[in-house]
2 protein chains.
Amino acid sequence: MARALAHPTRDQIVLPTVLDCLSDPTRLAIVCSLAGHDQAATDLRCGDFAGFSGKSNLAYHFARLREAGLISTRVQGTTRYMTLRRDDLDTRFPGLLDSVIKSAMSDMEPWMPVGCRLVCESADQLEARPGFEPG
Amino acid sequence: MARALAHPTRDQIVLPTVLDCLSDPTRLAIVCSLAGHDQAATDLRCGDFAGFSGKSNLAYHFARLREAGLISTRVQGTTRYMTLRRDDLDTRFPGLLDSVIKSAMSDMEPWMPVGCRLVCESADQLEARPGFEPG
DNA sequence: CTCCATGTTCAATACATATTGAACTATTGG
DNA sequence: CCAATAGTTCAATATGTATTGAACATGGAG
């Protein structure tokens, strides 16, 4: 069921909700990972963030990010691929996402959840994915 | 007592805390008011935000803003004058404050607490202040 | 000194949040 | 069909948050 998940429209995205989403260290790290992955060949799956927290906790955070309009989730089989809604966010709040990500990247150490570097600093695990073929 | 309130150092300011502060509609409105008041002759007092909420609730929000490093509070007699820590924030998180404020200003209506326009849209009350003298 | 205004502190409340583990629902592959 | 995989949903918990009103502290004005 629920083949297509509910996403807010561009103009349903509201600033306080977005900021609240970004204020959580785990979610901020997720967003940074997605941003750093922007031009890669594949989107990231839930499982790629296994180092961040437990599965059920990740599902919770992904739902919050999706409902706030920060990410879009594409369902494909049993896996879900996530993308940052860059265009929508840049249109709605110009410059916001860039400055947040840049600020976050410059000093993550104090607040970043353990295991984030797995996704942030390398794409090695991508090649380790079953069925992965480089572009 | 407590002639000088505790303020965090510039490098003690952390991104998630700042975002969390800005994610509350009341605090976001306060910050916007302070930003819009930047080049005026006087700083804003607690009482200038009376329309936002009750006194004790405002004290709570101002403490949060101060402890997060967003505003600095100068005590003078029984009144407290507030300023945005623009330089510190711009140094620490370049572009962040501007984009947040610009985004907030562009569509406040949906989330802004009642009474905000009192401070945002006019400076009439400044002249109504006891002892106010225009520059 | 006494009144008044400004703002804080405290206790109580109602509510939201992040995190956990266990149970459940698909979907894929042998 | 069977087993494994990916991820959700639910219930429980612990903790943080915003908001309120009443009581308190402090400084200025008559």
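Since the model is a prediction, treat every value here as computed from it, not as a measurement. Lettering of chains follows the sequences in order, A, B, ..., and the numbering in each one begins at 1.
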Exercise for review: Find the distance A/L65:CG to C/dT17:P and express it as a whole number of Å.
Suggested key: 13 Å
Review point. What's the CD1-P distance between A/I30 and D/dG7, to the nearest Å?
Key: 12 Å
Exercise for review: Using a 4.0 Å heavy-atom cut-off across all strands, classify A/S53 as base, sugar-phosphate, or nothing.
Suggested key: sugar-phosphate
Revision key, fill the gap. The answer to which of A/Q76 and B/K55 contacts DNA chain C further toward the 5' end, by nearest nucleotide, is B/K55
Study note, to complete from the structure: Rounded to whole Å, CZ of B/F52 lies from P of D/dT19 at a distance of 12 Å
Review point. Under the 3.5 Å rule, do the base of C/dG21 and the side chain of A/S56 count as making a donor-acceptor pair?
Key: yes
**Study point:** A/F49 CZ to D/dT8 P, straight-line distance once rounded to whole Å
**Key:** 12 Å
Study note, to complete from the structure: Sorted by chain and residue number, the side-chain contact (heavy atoms from CB on, under 4.5 Å) partners of A/A59 (sequence neighbours excluded) come out as none
Review point. Can you check the B/D24 CG to C/dC15 P distance for me, whole Å?
Key: 17 Å
**Study point:** Exam field: side chain A/R66 to backbone A/A6, donor-acceptor pair closer than 3.5 Å
**Key:** yes
Revision key, fill the gap. Whole-Å distance, B/L58 CG to C/dT9 C1', equals 15 Å
Practice item. Calculate, to the nearest 0.5 Å, the distance between atoms CG and CD1 belonging to B/L70 and B/I30 respectively. Key: 10.5 Å
Practice item. Locate the shortest heavy-atom distance separating A/I71 from A/H7; write the atom from each residue and the value. Key: O-CD2, 3.6 Å
Point to revise | B/L58 CG to B/T26 OG1 distance, which is reported to the nearest 0.5 Å | key: 8.0 Å
Review point. Does B/H61 have a side-chain nitrogen or oxygen under 4.0 Å from the phosphate oxygens OP1 or OP2 of D/dT17?
Key: no
Exercise for review: Please state how far atom CZ in B/F62 lies from atom P in C/dT6, giving the value in whole angstrom units.
Suggested key: 14 Å
Check your understanding: Nearest of C/dG7, C/dT6, D/dG7 to any side-chain atom of A/T79?
Key -> D/dG7
**Study point:** Closest to side chain of B/T26, choosing from D/dT26, D/dT19, C/dT19
**Key:** D/dT19
Check your understanding: Rounded to whole angstroms, how far apart are CG on B/L19 and P on D/dT17?
Key -> 14 Å
**Study point:** DNA chain C: 5'-proximal contact among A/D20 and A/G77 (nearest heavy atom)
**Key:** A/D20
Exercise for review: Report yes if a side-chain nitrogen or oxygen of B/R45 is closer than 4.0 Å to either non-bridging phosphate oxygen (OP1 or OP2) of C/dA5; otherwise report no.
Suggested key: no
Point to revise | From C/dT9, D/dT17, C/dT19, nucleotide with atom closest to A/N57 side chain | key: C/dT19
